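Here's the structure, in C-alpha cells; my notes come after.
Given the structure is predicted, the values throughout are model-derived calculations rather than measurements.
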Amino acid sequence: SHNIAVVSPQDPVMYIGSSLTATCTLNPEFGLHASTLYWTLNGMRLPSSTYGVVSSEILSVSLHNLNGSQQQSGDNLVCHGADGHVLGGSCLYVGMPPEKPVNLTCWSRNTKDLSCRWRPGGPGETHIRTKYALKYKLRWYGKEKECENYSSGKQRHSCYIPRNLALFTPYEIWVEATNQLGSATSDITTLDILDVVTTDPPANVQVSRVGDLDDQLIVRWASPPELKDILFQAKYQIRYRLEDSTEWKVVDDVSNQTSCRLAGLQPGTVYFVQVRCNPVGIYGSRKAGIWSDWSHPTAASTPSSERLQSGSCDPKPSEQNSTLRRELKQFFGWVRKHAYGCSGMSIKLYDQWRVWLQKSHRTRNQVGKSGSIKVDMLSVMHSDFYCIF
C-alpha cells in the first residue's frame, strides 16, 4: 500500500535557534487537496499563518528559532487530514553538540575493580541523544579499551570496570561524548589503581561501657576483611552523636587502631556511633586513600551518674569538691589537646586521675569542713602520673 503523504525533510538534526520549512506532499491517487490539511508539533496544532499551499498536493510549514527537543527521541512534526487522520510525519532533532566532559574521578573497591564518574560539560543539556564512552589504556604500551557498564542520572554519568585491571602501572582514562551535531573529549586522567582504593566500612562495630565510668564508651571494630592479604595501613575515623541530635562529632586521630575510647560524654545518655576506614599506603602507595562509607550506626548508653544509696553515710560532695572537679576537667581538656585523642596515654592518665580524685575525696572528708586542700596540678603530674610519659 502507498503512503497517503510524505513529509520532508525526514528526521533532520538541527542546532537550537534554527529555522525549518517542511513540506507534506500528497499522493494524488487519494484525491485530497493540500488546503484541507493541518500540522501538529508534539500534538499541538500549529497556527495556519505558518502554512503555505505550494500546490494542490503540497502544504508547507515554516518554523523559526527552534527550541531544544522536548524529548531525546525527537519532536514529532505530523501532517493531518481534515478529519484528524495522520497522513505522514517526521522527527525533529534540535539540540547542541556536547561540550568537553568534566570532573572525571575514579575509585577502586579493594583493588579489584574500577568505577569512574563524570559530568557533562557546559550547561550539560544537549537536548538530543548524546553517547558517552569511557576509554582507558595502560599508559605506555596498552591497547585502548572501552568500559561497558554505564549508568546515568541527572547531570551525572558513571561506568564500572569489574575486572582484569593491572596494579603497579598507571592508566590513562578519558571520556568521549558524541551526538549527531558533534563530539568532545575530556582531559586525560592518569591514575594508578593503588592510589584510588576505597573499601567497605569497618565490620562488627561494637560500642560498650567502660566499667562504671559514666562519661565514657569504648568503640571496637574489625579491619576490612577484603584487604587482609594486602599490605596497607588503615586510618579510621569515628563520629558519634546524641540520640536526639543530628550533629555528629568527629574523632579524627584514631590512626591504625581498631578500638578507641570516647571520653567526656554525658552520663545516662544514648549515643549513636559510626566508623569509617581509609586504606592508606596500599603496597607502599604514597597517596591518601579514599574514605569508605560510614558503618551502620551502633547505639549504646553511658551509665547514669552514680547516685548514692539512701542510708549511705557518704557526705554530699561539698562545693569545694565540684570546684576541684571543674579544675580537673579543664586540666584533662588541656592534656587531651596536647596528647593524641585516642592514644592510650591520655586515657591511662584519665583513669589514674579518677583514682587520685577518689583518694582526695577521702582525704578531704578526714580534713573536715574547716580545712582545705590546695591542688597543685604540677605536683599531681610529677607524683602520680610520672610513669606514664
Minimal heavy-atom distance between S292 and P202, with the atoms involved, is OG-CD, 4.1 Å
**Report entry** More than 12 heavy atoms from other groups under 6.0 Å of CD on E247
**Finding:** no
In this structure, OG of S151 is separated from CZ of R117 (nearest 0.5 Å) by 10.5 Å
Quick one, D214 with T302, criterion side-chain hydrogen bond (donor to acceptor under 3.5 Å, both in side chains). Give me CA distance, side-chain angles, the key distance, then yes/no.
CA-CA 5 Å; D214 60 13; T302 48; over 6 Å; no
Distance only, no hydrogens: is a donor on one side chain within 3.5 Å (strictly under) of an acceptor on the other, for Q206 and R220? no
message = Could you tell me if T21 and S62 have a donor-acceptor pair between their side chains, going purely by distance under 3.5 Å?
response = yes
Task: K249 side chain reached by R241 side chain, heavy atoms, under 4.5 Å - done: no
message: Under 3.5 Å, is there a donor on one side chain and an acceptor on the other for T23 and S8?
response: yes
Note to self: If you compare the SG positions of C147 and C159, is the separation below 2.5 angstrom?
What the structure shows: yes
Nearest heavy-atom contact between L114 and C106 is CD1-CB, 4.0 Å
Contacts satisfying salt bridge (charged side-chain N to carboxylate O under 4.0 Å, His left out) that involve residues 186-211 (not counting sequence neighbours) are K100-D187, R109-D200, D195-K287
Heavy atoms of G74 and S69 approach each other most closely as CA-OG, 4.4 Å
**Request:** Please say whether more than 12 non-hydrogen atoms of neighbouring residues, nucleotides or ligands are located less than 6.0 Å from CD in Q71.
**Result:** yes
Can a donor-acceptor pair be found between the side chains of H64 and S19 at a distance below 3.5 Å? yes
Tracing side-chain contacts under 4.5 Å among Ile, Leu, Val, Met, Phe, Trp and Tyr outward from W248 reaches F272
